[in-house]
Protein chains: 2
Amino acid sequence: MAKSKKRSDCPVSCSLDIWGDKWSLLIIRDLMTAKQCTYGDFLKSPEGIATNILASRLQTLEENKIIEKLDHPDSKAKVLYKLTRKGIDLLPIMVEINLWAEKYFSIPDDRKQQLKEVKKDKAGFIKAFTKNLVS
Amino acid sequence: MAKSKKRSDCPVSCSLDIWGDKWSLLIIRDLMTAKQCTYGDFLKSPEGIATNILASRLQTLEENKIIEKLDHPDSKAKVLYKLTRKGIDLLPIMVEINLWAEKYFSIPDDRKQQLKEVKKDKAGFIKAFTKNLVS
DNA sequence: TAAAATAACTTGCATTACGAAAGTGATTTT
DNA sequence: AAAATCACTTTCGTAATGCAAGTTATTTTA
């Protein structure tokens, strides 16, 4: 896979160069909800990512230090993926995406419930959630 | 262009179905900084979007009510694009992207200056900036 | 302990999207 | 009246996507 050079110095452009596609943020979403995922876990998500696309995105995200690979404690056949601090710091973006989507789409009830908490104290939620992911 | 059906009920997935690509958020960025843009204005941005891609993205964003077309007051040959309220409400996401990028990339000095203000009072900044865009 | 299953990918191939360049038609300027 | 501008559209080569099947290493089952 060719390394795409950055299109400009704009922070938005630089960010999109890494995770600006239809799949990367879903991988990151999975890692925020589950903390650690195997390759197979990602495949179970409802959007149904193809195996080759998943492998390609995991590689790009790893190259950009958004995620990292770990040995699975129980089995040499499995691999664990988790967010780095850089990846965890995407949480505020993820939260705002959820809030925007809640305003303009109909979203699942369990998500709505969680967002109720978020709106009560956004900074507090981010801090607590981040702390949980970091540990 | 085929209308892509949504991949799941996840708010993140639904959002990415609309603007999850390398260009859409750059168009939105341009509209946030300039308030109104012509087709030619978008082409002037440093990332260098191709004309056919621009036309395609503008159409998708318009279909999804993120932007709208206006008649140009000075000329029948020109078209003005601006954000709808739904598009303006992407501002918090845009702000968080900028903050994340500032932390992990080196970004232009003028952007850094603006982000200093943001960090002083995020909610206040969003409110004021939104008000400016809405008017 | 040999065979089947699981896990994490990789490969092949058809379809779709992207990107660069040139072209079109409606205005607008010279 | 001719040239330029504006907002696209078209063409076409290349790259990315998506589906299915295949591969290799490791585990589990019979």
Side-chain angles (χ1 to χ4, degrees), chain A residues 1-8 13 16-27 30-31 34 36-64 67-82, chain B residues 1-8 13 16-27 30-31 34 36-64 66-83:
Chain A
M1 175 155 308
K3 188 160 302 187
S4 55
K5 58 192 163 300
K6 75 173 171 175
R7 295 170 292 172
S8 80
S13 166
L16 294 177
D17 284 342
I18 298 179
W19 47 259
D21 67 88
K22 296 224 178 295
W23 294 109
S24 296
L25 283 182
L26 296 182
I27 291 172
D30 287 351
L31 286 171
Q36 293 185 325
C37 295
T38 64
Y39 189 88
D41 289 336
F42 293 118
L43 293 178
K44 282 176 208 138
S45 287
E47 292 83 12
I49 190 171
T51 57
N52 56 341
I53 308 293
L54 175 58
S56 148
R57 289 305 174 283
L58 288 172
Q59 193 188 325
T60 302
L61 290 173
E62 196 190 0
E63 281 168 4
N64 286 284
I67 64 174
E68 61 185 336
K69 271 174 155 179
L70 298 175
D71 291 338
H72 196 289
D74 302 345
S75 160
K76 252 191 278 188
K78 292 186 186 177
V79 180
L80 277 180
Y81 291 94
K82 64 174 289 198
Chain B
M1 172 155 306
K3 186 161 303 187
S4 54
K5 57 192 163 302
K6 73 172 174 176
R7 296 171 290 172
S8 79
S13 165
L16 295 176
D17 284 341
I18 297 179
W19 47 258
D21 66 87
K22 296 223 178 295
W23 294 109
S24 296
L25 283 180
L26 297 181
I27 291 172
D30 287 350
L31 286 172
Q36 293 185 325
C37 295
T38 65
Y39 190 89
D41 289 336
F42 293 118
L43 293 177
K44 282 176 206 135
S45 286
E47 293 83 11
I49 190 171
T51 56
N52 54 343
I53 308 294
L54 176 57
S56 147
R57 289 306 175 282
L58 288 172
Q59 193 189 325
T60 302
L61 290 173
E62 196 191 0
E63 283 169 2
N64 286 284
I66 307 286
I67 64 174
E68 61 186 336
K69 272 175 155 178
L70 299 175
D71 291 338
H72 196 289
D74 302 345
S75 160
K76 251 191 279 189
K78 292 185 185 176
V79 180
L80 277 180
Y81 291 93
K82 63 173 291 198
L83 292 167

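Values reported hereafter were calculated over all heavy atoms of this structure, with side chains retained and with hydrogens, waters and symmetry mates removed. Predicted, not measured: the structure shown is a model, and the values here were computed from it.
The interatomic distance linking Leu43(B) (CG) with dC8(D) (C1') rounds to 10 Å, in whole Å. The distance from atom CG of Leu54(B) to atom P of dC18(C) is 13 Å, rounded to the nearest whole Å. Nucleotide dG18(D) holds its C1' atom 15 Å from the CD atom of Glu47(A), rounded to whole Å. The separation between Leu70(B) atom CG and dC6(D) atom P is 18 Å, rounded to whole Å. Distance Leu58(B) CG to dC8(D) P: 7 Å, rounded to the nearest Å. Between the CD atom of Glu62(A) and the P atom of dC9(C) there is a distance of 9 Å, given to the nearest Å. Counting to the nearest Å, the C1' atom of dA17(C) and the CG atom of Asp21(A) are 13 Å from each other. Across the protein-nucleic acid pair, Ile49(B) atom CD1 and dT9(D) atom P stand 14 Å apart, rounded to whole Å.
Side-chain contact check for Leu16(A) versus Leu26(B): some heavy-atom pair is nearer than 4.5 Å.
Among the candidates Lys6(B), Arg7(B), Lys5(B), the single residue satisfying the side chain to side chain donor-acceptor pair (under 3.5 Å) test with Asp17(B) is Arg7(B).
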Taking protein heavy atoms under 4.0 Å as touching, what does nucleotides 11-16 of chain C look like 5' to 3' if B marks base contact, S marks sugar-phosphate-only contact and - marks none?
BB----
Treat primed atoms plus P, OP1 and OP2 as sugar-phosphate and everything else as base, then score nucleotides 23-30 of chain C 5' to 3': B for base contact with protein heavy atoms under 4.0 Å, S for sugar-phosphate contact only, - for none.
----SS--
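In this structure, CG in Leu31(B) is found 9.0 Å from CD in Gln36(B), a value given to the nearest 0.5 Å. Note that CD1 of Ile27(A) is 4.5 Å distant from CG of Leu58(A), once rounded to the nearest 0.5 Å. Rounding to the nearest 0.5 Å gives a distance of 8.5 Å between CD of Glu62(A) and CD of Glu68(A).
Side-chain proximity of Thr38(B) to the nucleotides dT10(C), dA7(D), dG19(C) is greatest for dA7(D). Distances were taken from every side-chain heavy atom of Arg57(A) (C-beta onward) to each of dT10(C), dT9(D), dT17(D); the shortest belongs to dT17(D).
Contact check, Tyr81(B) against dC8(D): a side-chain N or O comes under 4.0 Å of OP1 or OP2. A sub-4.0 Å separation between OP1 or OP2 of dA16(D) and a side-chain N or O of Trp23(A) is absent. Contact annotation: Lys22(B) does not reach the phosphate of dG19(C) (side-chain N/O to OP1 or OP2, under 4.0 Å).
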Could you go through the side-chain contact (heavy atoms from CB on, under 4.5 Å) check for Lys69(A) and Leu80(A) one step at a time?
CA-CA 6 Å; Lys69(A) 271 174 155 179; Leu80(A) 277 180; over 6 Å; no
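Remark: Lys44(A) pairs with Asp41(A) by the salt bridge (charged side-chain N to carboxylate O under 4.0 Å, His left out) rule, at least two apart or across chains.
A salt bridge does not link Lys78(A) with Asp71(A): every distance from a Lys NZ or Arg NE/NH1/NH2 to an Asp or Glu carboxylate oxygen is 4.0 Å or more.
A donor-acceptor pair under 3.5 Å is formed between the side chain of Thr60(A) and the backbone N or O of Ser56(A).
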